[in-house]
Structures are given as C-alpha cells and as structure tokens.
Amino acid sequence: MLFWSICGLILFACKPRNEIFTDNPASLVFSDDAIIFDTIVAGVPVASKRLKVYNPNSQAVQIRKIFLGGGNNDDYEIIINAQKSEIFENVSILGRDSLLVIISARIRNRNQDEIYQAYDSLMFELTNQTQNVKLLTWAENVNVVSGVLPCNAIWTKQRPYLLKGNVEVPLGCTLTIQPATKIYAFNDAKMEIKGSLKVNGKADSNAVFRYFRREAGFENLLGAWQGLRLRKSSTNNQIRFAKITNAKVAVFVDSSEVLLEGATLQSASEATLAGVNAKIFMRNCLLNNAILRLFQAANGGEYELVHCTLANYEFFFNRQEEAGSVFFNETGAGEMQVRLFNNIFWGNLRDEILFAGENINLSAANNIFRTQTFRDVLNVNNNLLNVPADSLFRSPRRFDYRLPSTSPAIGKGIATSITTDILGKTRKNPPDIGAFER
C-alpha cells in the first residue's frame with residue numbers, strides 16, 4: 001500500500017498544472033461580448049461567426065454545460081469541437097488555453113413585413129458561476145420567387161423579393177416594380193425578361209437589386225448573381241431610379257430595347273451594362289466598379305447617353321491596360337448609332353473609351369473623356385480630354401462621384417430636355433457634365 005501511495009503521489013506531482021481542474025475558477029473571458037448578425041434573410045443560412053472562449057486560470061476549467069438560454073434552437077446553431085448539438089456537457093479547457101465556438105444564425109420566418117430582431121444568449125455554466133454571451137440578429141422576411149412569374153405581376157416595397165435560380169417574365173407579360181422595392185438575388189440567380197420590365201423607382205426611393213447577403217463586406221461583392229437579361233422578344237423596357245449591384249453583368253440587352261433613367265449599375269465582375277444589336281437610351285445614370293467593362297455595345301444598334309457618369313478604378317481588382325471601360329464595337333455588323341452628350345468617361349487607365357469598326361455614326365458634344373488613342377476624334381464640340389483627375393470627383397474610393405467645387409465638369413454641359421439630375425436636383429443652365437449636378 002505504501003508503495004502504491006508513493007507512486008500515486010509521484011504521478012500526481014508530475015501532472016502539468018494546466019491539466020488539473022480548479023474547483024473555484026475565475027470567470028471565463030470571451031473574444032466578444034455579443035455575436036451580432038445584421039441584416040439577414042429569414043430562413044436562409046448565413047456564414048458562421050466565431051467566438052473564442054479563454055480560460056484565464058492557470059488550472060483547467062470544467063464547463064458543466066453550454067446551451068442556448070432562450071431555447072431558440074431553430075434560430076441559432078452551435079458547433080464545438082466539430083460537433084453540432086443543442087447542449088454541450090462537461091467541456092474542458094486547459095489552463096491558459098481557449099475553446100472555439102462556431103455560431104450560425106438560421107432565423108425563422110416570423111411572417112411579418114418589418115425587420116425584426118432575434119435574441120438569445122449562449123450560456124456557460126461553471127461549477128461556481130454562469131456566464132453568457134448575447135446573440136442578436138436583425139432579420140427580414142422575403143417573398144421567394146423562382147421560375148416563370150405570373151403575368152403582369154406587380155412587386156411592392158412591402159416585403160423584399162428573393163430571386164432563386166432562373167426567374168422569367170414571360171412573353172406578352174409585364175413585371176412592374178414600384179419605388180423602394182428591394183430585390184435580393186441568391187447565389188447565381190438570374191432574371192430573364194421575355195416580356196416587359198417596368199422599374200418605377202424615384203430619385204428618393206430607388207428600387208434595389210443586390211446579392212442577398214447584407215453583412216459587412218458584401219456590399220461591393222462582384223459576380224454573386226447573373227443579373228438582368230432582356231431577351232430579343234422583350235419590348236418597352238424601362239429601368240428608372242434603380243440600383244443594381246453584385247452581378248456578373250448587371251443588365252444585358254440582347255437585340256432588345258431599354259430606357260435607363262437615374263439608374264446606378266455598380267460592382268460587376270464582367271460588365272455593368274452590355275448590349276448586342278440593342279437600343280439603349282440612358283439619362284442621368286451612374287456606372288462604376290466593373291472588372292471588364294462598364295458599358296459594351298456590339299453588332300450594331302443605337303445608343304444614346306445623356307448626363308451619365310461612367311467611372312472605373314482599380315481599388316478592389318486589377319484590369320488589363322488594353323481593356324477600357326467603354327467599348328463600342330461595330331466590326332462587321334452594319335451601322336451603329338452612338339450619341340453622347342454631357343457624359344463623363346473616366347478611370348485610371350490611359351484609354352477609358354474605345355471604338356472599333358468603320359460604320360459608327362458618332363455624335364459627341366460636351367463630354368469629358370480620358371483617352372489617348374482617340375484624342376483626334378473626340379477633341380471636338382466642346383468635349384474635354386484628360387482633365388486633372390484629382391479634382392473630377394469627390395471620392396471615387398468611397399464610390400462618391402458627386403462633383404467637388406473645383407471639378408472641371410461644373411457648368412460645361414449643353415442644355416437639354418433633362419432638367420434634374422440622378423438625385424432629383426434641378427440642373428442649372430448651362431448644366432454640369434455627368435449624372436450629378438453640383
């Protein structure tokens with residue numbers, strides 16, 4: 001007995017202190033006081049967040065139980081040590097060590113129109129105390145749409161719409177979208193317009209098309225969904241005061257026609273706007289932040305841009321020097337009509353507008369161009385070339401393309417029938433060049 005007692009004491013003495021459990025542990029320390037998700041689509045899983053749980057004690061701590069205090073197991077999912085469970089018991093943390101907890105929000109549909117909050121607490125029960133980390137999520141319910149839409153559907157701002165898969169406006173039918181309506185797109189979703197699209201936003205209440213993830217860091221994501229496709233059978237399309245972001249090609253016009261007024265097309269992995277043998281008429285539009293093109297026209301067609309700002313910088317990606325943000329390519333397709341008045345074509349490349357083909361009928365006046373290749377062609381009709389870049393916009397890095405007081409675009413436009421700008425502000429005479437009036 002004496003021999004075995006001595007052996008036990010030796011073994012105990014040799015055991016590291018950080019593996020010996022304390023009976024009266026000091027409080028655990030958490031990497032965050034609260035885990036917050038803002039704002040997510042109800043019923044759709046989102047990316048997980050991490051919580052580090054630190055044991056400040058020199059000895060090991062036994063957590064008797066880790067569980068959701070509110071019992072909302074349908075709203076939150078907990079993973080510890082690669083195991084998913086509603087309750088974890090007897091979880092150990094060595095002295096001066098930490099534990100990783102993965103938390104996901106899967107907020108239930110509350111069947112209400114307003115954004116709502118889902119609360120809970122992640123509880124940690126020790127031998128001598130209970131601690132918690134708050135869980136908070138803002139969520140909103142959506143109308144999930146997929147497949148062929150009902151004929152002559154009207155979408156309102158009452159509740160957002162979530163596009164899943166291929167969404168089609170059928171031939172002979174019109175989809176009308178009212179001001180301030182929000183349309184979210186799930187991964188790789190696409191909207192095919194075979195009938196007509198009428199987006200009736202207003203300067204102070206734009207309709208919004210964007211990726212469904214709304215957490216920080218997703219606002220300027222590129223190429224998360226396919227975008228809008230106006231097909232050959234589509235007619236009388238109007239996109240007024242809409243913001244379309246996060247697509248591969250925000251708007252693609254295939255041998256069809258569209259009027260864009262007060263539209264913002266932004267953050268595309270391929271192009272914000274592309275037309276093939278199309279008729280595209282643009283008024284007070286802002287196109288920016290696309291890897292390949294802001295605007296590409298090919299195979300003939302008719303294109304008229306008045307008071308638009310097309311600006312592309314490489315703050316979040318790299319472009320090839322020869323790419324150019326705006327490209328009118330008529331090669332081998334017959335005559336192409338191009339009319340450009342009071343626009344800004346700008347970016348960080350030496351040529352931000354390119355032309356190809358022998359049959360481009362170009363009318364251009366009172367624009368600002370960044371170009372070297374086409375200086376002789378465009379240096380006419382009060383166009384301004386290669387102006388000082390630092391004073392042109394307020395802050396391109398922040399996607400703020402309004403004009404500072406020193407901008408060379410101020411008062412250099414020609415009067416047209418357009419009396420307000422993209423924000424609804426009255427235009428002066430002579431007006432400023434671009435989508436924004438100073």
Side-chain angles (χ1 to χ4, degrees), residues 8-108 110 115-140 211-221 316:
L9 288 171
I10 292 173
L11 290 173
F12 182 80
C14 293
K15 189 172 184 179
R17 181 175 176 80
N18 69 342
E19 295 182 11
I20 302 172
F21 289 97
T22 176
D23 294 327
N24 189 32
S27 299
L28 300 172
V29 177
F30 303 105
S31 58
D32 297 278
D33 296 328
I35 300 296
I36 299 174
F37 296 86
D38 181 24
T39 298
I40 72 169
V41 173
V44 178
V46 299
S48 303
K49 292 196 174 186
R50 298 184 173 205
L51 174 70
K52 275 290 193 73
V53 183
Y54 298 98
N55 173 18
N57 301 273
S58 59
Q59 294 178 286
V61 167
Q62 183 85 16
I63 305 176
R64 288 181 173 178
K65 189 164 60 173
I66 302 175
F67 60 99
L68 290 169
N72 292 328
N73 299 320
D74 292 334
D75 282 344
Y76 295 97
E77 180 178 276
I78 310 300
I79 298 176
I80 298 176
N81 296 328
Q83 300 295 319
K84 180 170 61 177
S85 180
E86 296 179 1
I87 299 176
F88 296 85
E89 296 182 318
N90 300 321
V91 178
S92 302
I93 310 180
L94 296 178
R96 311 295 189 195
D97 206 347
S98 63
L99 174 72
L100 177 63
V101 181
I102 307 296
I103 303 167
S104 298
R106 298 169 177 264
I107 308 303
R108 294 166 294 171
R110 302 289 202 271
I115 293 177
Y116 56 93
Q117 296 175 331
Y119 295 98
D120 211 324
S121 295
L122 186 59
M123 311 297 295
F124 295 82
E125 184 180 297
L126 306 178
T127 56
N128 62 343
Q129 61 184 301
T130 299
Q131 298 177 250
N132 70 82
V133 173
K134 302 299 182 185
L135 307 180
L136 171 62
T137 303
W138 281 270
E140 59 182 338
Y211 187 46
F212 80 99
R213 296 285 298 274
R214 296 180 58 190
E215 307 98 291
F218 286 92
E219 181 179 359
N220 299 311
L221 184 68
F316 304 102

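Bear in mind that the values here come from a model prediction, so they are computed numbers and not experimental data.
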Peer 1: Within this structure, what is the CD1-CG distance for the pair Ile78 and Leu51, rounded to the nearest 0.5 Å?
Peer 2: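 Here the interatomic distance stands at 9.0 Å.
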Peer 1: Are the charged groups of Asp75 and Arg110 less than 4.0 angstrom apart, N to O?
Peer 2: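 Counted as a salt bridge, because a side-chain N and a carboxylate O are separated by less than 4.0 Å.
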Peer 1: So with a 6.0 Å cut-off around CD of Glu219, is the heavy-atom count from everything else above 12?
Peer 2: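 At most 12 heavy atoms, drawn from other residues, nucleotides or ligands, come within 6.0 Å of this atom.
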Peer 1: Hey, could you give me the CD1/CG distance between Ile20 and Leu94, rounded to the nearest 0.5 Å?
Peer 2: 11.5 Å
Peer 1: Rounded to the nearest 0.5 Å, what separation is found between the CG atom of Asn90 and the NZ atom of Lys65?
Peer 2: 11.0 Å
Peer 1: Do Asn128 and Pro25 come within less than 4.5 Å of each other through their side chains, counting heavy atoms only?
Peer 2: yes
Peer 1: Is it the case that the side chain of Asn57 and the backbone of Ala26 share a donor-acceptor pair, with hydrogens and angles ignored and the cut-off at 3.5 Å?
Peer 2: yes
Peer 1: Do other residues, nucleotides or ligands put more than 12 heavy atoms under 6.0 Å from Asn220 CG?
Peer 2: yes
Peer 1: Exactly one of Asp97, Val133, Ile93 should register a side chain to side chain contact (heavy atoms under 4.5 Å, CB included) with Val53. Which one does?
Peer 2: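 When Asp97, Val133, Ile93 are each tested with Val53, the side chain to side chain contact (heavy atoms under 4.5 Å, CB included) holds only for Ile93.
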Peer 1: For Lys49 and Glu215, run salt bridge (Lys or Arg N to Asp or Glu O under 4.0 Å): C-alpha distance rounded to whole Å, both residues' side-chain angles, the deciding distance at 0.1 Å, then the answer.
Peer 2: CA-CA 11 Å; Lys49 292 196 174 186; Glu215 307 98 291; over 6 Å; no
Peer 1: Measure the spacing between OG of Ser58 and CZ of Arg96 and express it to the nearest 0.5 Å.
Peer 2: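 Reported value, rounded in 0.5 Å steps: 5.5 Å.
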Peer 1: Using a 4.5 Å cut-off on heavy atoms from C-beta on, say whether the side chain of Phe37 contacts that of Trp138.
Peer 2: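 Heavy-atom side-chain distance check fails, nothing below 4.5 Å.
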Peer 1: Roughly how far, to the nearest 0.5 Å, is the CD1 atom of Ile35 from the CZ atom of Arg50?
Peer 2: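 It comes to 12.0 Å.
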Peer 1: From Leu28 CG over to Asn55 CG, what is the distance, rounded to the nearest 0.5 angstrom?
Peer 2: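 So the CG of Leu28 and the CG of Asn55 are separated by 6.5 Å.
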Peer 1: Could you tell me whether the side chain of Met123 reaches within less than 4.5 Å of the side chain of Glu125, counting heavy atoms only?
Peer 2: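 Of all side-chain heavy-atom pairs linking Met123 with Glu125, none is under 4.5 Å.
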Peer 1: Salt bridge or not between Glu77 and Arg106? Use side-chain N to carboxylate O under 4.0 Å.
Peer 2: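 A salt bridge is present here (some side-chain N lies under 4.0 Å from a carboxylate O).
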